Novice: 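Got a structure for you, questions after.
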Amino acid sequence: MNANHDLPLASVVIEWENVKLSEMDRCRQMLDALSAQIAELQTPDAERHLLPGMTLLRARFEIIVLFDPEALDRSVIEGILSAHLPPSPWYEWRLLSADVDGYYAQKNYGAEHARGEWLVFIDSDVVPEPGWLANLMAPLADAGRQVVAGHTFLDPEGLLGRTFALTWFFPLPSKERKLGSASHFFANNVAFRRDCFIAHPYRLLGGSARGACTQMAWELKENGIGITLNTAAQVSHAAPNGLKHYLLRGIAQGRDDLLVSRASKKPGDASLFNSLRRFLRWEWRSFRKILTKHRQVGMPFWQIPGALFVAGLYYLMLLFGDLATRLWPEKMKEAIQL
């Protein structure tokens with residue numbers, strides 16, 4: 001790396017796990033945006049993206065990409081990275097074979113091998129909006145901030161995308177650009193001081209494909225570490241890719257929600273009654289949002305019946321995943337890791 005060595009080093013950690021499920025075009029778009037935004041960060045033009053009062057945090061970067069060597073071809077990934085991360089004085093990239101168990105383990109592995117003062121986590125299936133990197137890093141110019149969460153929304157493309165944009169756990173695109181505090185974060189769009197992450201890595205929850213970020217948020221709160229939210233640091237996420245992914249994702253979410261509830265150790269949180277109540281709450285909230293906010297995602301009136309069916313079936317799958325985990329816990333913990 002031949003950039004200005006007076007600049008501090010930041011590490012961008014990218015899992016290559018979600019590529020297995022998403023369209024390959026998204027990872028290419030993500031890399032193109034990342035490369036362009038790192039270059040822009042070194043220029044005065046980057047300041048136009050910042051919120052008032054924010055200080056631009058410039059850095060040189062290492063980009064660390066983690067992949068499963070048993071499932072993916074290294075040479076194919078190297079070809080993609082070479083094409084979309086061209087040589088630059090501001091970054092270098094490394095492709096690491098991560099023989100670890102899944103999504104969160106790859107992130108931990110990447111952090112352990114990172115050399116940067118700050119860790120920026122982005123997933124292989126999200127696409128940054130303009131100004132994402134500058135806004136995710138700027139709050140860390142304040143030495144009192146340890147964690148900065150960005151704002152992830154779902155692309156409202158097609159019936160499935162519009163339905164999930166309204167009814168899944170990601171919020172709608174933020175029209176307000178503001179800095180605040182948050183009780184949680186999305187693992188696909190977050191930055192840490194490296195020392196903070198190393199002290200509080202993702203605690204892998206046996207059998208769960210997701211949910212470790214919820215546990216980390218609890219741990220950070222218990223240790224008096226706040227999460228800063230910057231809604232100007234936005235990335236878009238795709239809806240589940242096809243019918244099979246959509247159905248299996250619902251079942252997996254039901255299992256993961258139950259396992260996370262059990263890990264919380266809050267009285268009654270993992271009870272069957274609470275699961276049924278959670279299911280009814282999700283169904284009601286989904287139907288209400290589809291009926292009242294469909295215009296916000298460009299959903300035509302004629303798509304509303306289909307959207308109600310899609311959302312209703314998804315949360316039925318979620319309930320099935322919860323119940324199946326109660327009946328066959330070991331089998332469910334081994335199955336559907338997505």
Side-chain angles (χ1 to χ4, degrees), residues 3-4 7-14 25-65 84-86 88-91 93 116-157 165 170-182 184-193 226-238 296-297:
N4 186 344
L7 289 176
L9 181 67
S11 301
V12 179
V13 179
I14 306 171
D25 280 350
R26 292 192 67 83
C27 71
R28 293 186 173 95
Q29 292 175 48
M30 180 273 294
L31 294 171
D32 288 340
L34 177 61
S35 174
Q37 291 192 27
I38 289 176
E40 184 185 39
L41 193 66
Q42 317 309 325
T43 70
D45 197 42
E47 295 180 356
R48 67 190 172 91
H49 297 295
L50 298 182
L51 298 178
M54 287 283 97
T55 301
L56 194 65
L57 184 58
R58 289 191 171 92
R60 52 196 175 93
F61 289 82
E62 61 168 358
I63 301 170
I64 303 173
V65 179
H84 296 274
L85 294 176
S88 168
W90 303 113
Y91 64 77
W93 57 264
E117 182 179 342
W118 305 287
L119 303 177
V120 174
F121 291 93
I122 184 171
D123 281 3
S124 54
D125 61 345
V126 303
V127 179
E129 295 287 292
W132 162 76
L133 183 60
N135 280 296
L136 193 63
M137 291 195 63
L140 292 171
D142 181 343
R145 293 192 174 108
Q146 301 289 313
V147 186
V148 180
H151 184 96
T152 301
F153 65 91
L154 201 130
D155 267 341
E157 295 185 8
F170 293 123
L172 291 171
S174 178
K175 296 180 180 179
E176 282 190 284
R177 290 162 43 89
K178 63 181 182 180
L179 204 66
S181 59
H184 71 283
F185 64 91
F186 296 116
N188 56 25
N189 182 13
V190 63
F192 294 82
R193 294 191 186 279
I227 301 171
T228 299
L229 173 65
N230 190 348
T231 60
Q234 299 201 50
V235 302
S236 66
H237 193 288
Q296 292 186 28
V297 296

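All values derive from a computational prediction rather than experimental measurement. Just so you know, these numbers use all the heavy atoms, side chains as well, and skip hydrogens, waters and symmetry mates.
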Novice: Considering residues at least two apart in sequence or located in another chain, which fulfil the side chain to side chain donor-acceptor pair (under 3.5 Å) criterion with Asp45?
Specialist: Arg48

Novice: Can you list every salt bridge (charged side-chain N to carboxylate O under 4.0 Å, His left out) pair that touches residues 138-150, not counting sequence neighbours?
Specialist: Asp142-Arg145

Novice: Would you give the length of the straight line joining atom CZ of Arg193 to atom CG of Leu119, rounded to the nearest 0.5 angstrom?
Specialist: 11.0 Å

Novice: Tell me every residue that passes side-chain contact (heavy atoms from CB on, under 4.5 Å) with Ala10, counting only those two or more places apart in sequence or in another chain.
Specialist: Ala59, Phe61, Trp118, Met137

Novice: Quick check: closest heavy atoms across Leu56 and Glu47, and the distance to 0.1 Å?
Specialist: CD2-CG, 3.8 Å

Novice: Which distance, rounded to the nearest 0.5 Å, do you find between the CD1 of Ile64 and the CD1 of Ile14?
Specialist: 9.5 Å

Novice: Sequence neighbours excluded, which residues qualify as salt bridge (Lys or Arg N to Asp or Glu O under 4.0 Å) partners of Arg26?
Specialist: Asp155

Novice: Just to verify, what does Thr231 make a side chain to side chain donor-acceptor pair (under 3.5 Å) with, not counting sequence neighbours?
Specialist: none

Novice: Checking the side chain of Glu62 only, and the main-chain atoms of Leu9 only, is there a donor and an acceptor separated by less than 3.5 Å?
Specialist: no

Novice: Please lay out, stage by stage, how Trp93 and Val12 fare under the test side-chain contact (heavy atoms from CB on, under 4.5 Å).
Specialist: CA-CA 9 Å; Trp93 57 264; Val12 179; over 6 Å; no

Novice: To the nearest 0.5 Å, what is the distance between OG1 (Thr55) and CG (Leu50)?
Specialist: 8.0 Å

Novice: Among residues at least two apart in sequence or on other chains, which ones pass ring pair (Phe, Tyr, Trp, His ring centres under 6.0 Å) with Phe170?
Specialist: Trp168, Phe186, His237

Novice: Output all residues satisfying side-chain contact (heavy atoms from CB on, under 4.5 Å) with Pro86, sequence neighbours left out; order by chain, then residue number.
Specialist: Ser35, Tyr91

Novice: May I have all residue pairs that pass salt bridge (charged side-chain N to carboxylate O under 4.0 Å, His left out) and include part of residues 120-140, sequence neighbours excluded?
Specialist: Lys107-Asp123

Novice: Find the distance between CG (Leu85) and CD1 (Ile38) and round it off to the nearest 0.5 Å.
Specialist: 7.5 Å

Novice: Looking only at heavy atoms, what is the nearest atom pair of Gly131 and His49, with distance?
Specialist: CA-CG, 3.5 Å

Novice: Could you go step by step and tell me if Phe153 and Val297 meet the side-chain contact (heavy atoms from CB on, under 4.5 Å) rule?
Specialist: CA-CA 11 Å; Phe153 65 91; Val297 296; over 6 Å; no

Novice: Please find the pair of heavy atoms, one from Asn189 and one from Ala233, that lie closest to each other, and give the distance.
Specialist: ND2-O, 3.1 Å

Novice: Say whether, by atom type as modelled, one donor and one acceptor occur between the side chain of His84 and the main chain of Ala33 under 3.5 angstrom.
Specialist: no

Novice: Could you tell me which non-hydrogen atom of Pro128 sits nearest to which non-hydrogen atom of Val235, and how far apart they are?
Specialist: CA-CG1, 3.7 Å

Novice: Rounded to the nearest 0.5 Å, what separation is found between the CZ atom of Phe185 and the OG1 atom of Thr228?
Specialist: 12.5 Å

Novice: Quick one: closest heavy-atom pair of Ala138 and Leu57, and the distance?
Specialist: CA-CB, 4.3 Å

Novice: If we ignore hydrogens and angles and just use 3.5 Å, is the side chain of Gln37 paired with the main-chain N or O of Leu133 as donor and acceptor?
Specialist: yes

Novice: Using 0.5 Å steps for rounding, measure from the CG atom of Asn230 to the OG atom of Ser174.
Specialist: 9.5 Å

Novice: Residues in salt bridge (Lys or Arg N to Asp or Glu O under 4.0 Å) with Asp32, at least two apart?
Specialist: none

Novice: Who are the side-chain contact (heavy atoms from CB on, under 4.5 Å) partners of Val13, not counting sequence neighbours?
Specialist: Leu66, Phe121

Novice: State, to 0.1 Å, how close Glu117 and Pro8 come at their nearest heavy-atom pair, and which atoms those are.
Specialist: OE1-CB, 3.7 Å

Novice: Run the side-chain contact (heavy atoms from CB on, under 4.5 Å) test against Arg177 and tell me which residues pass, sequence neighbours left out.
Specialist: Leu51, Asn135, Ala232

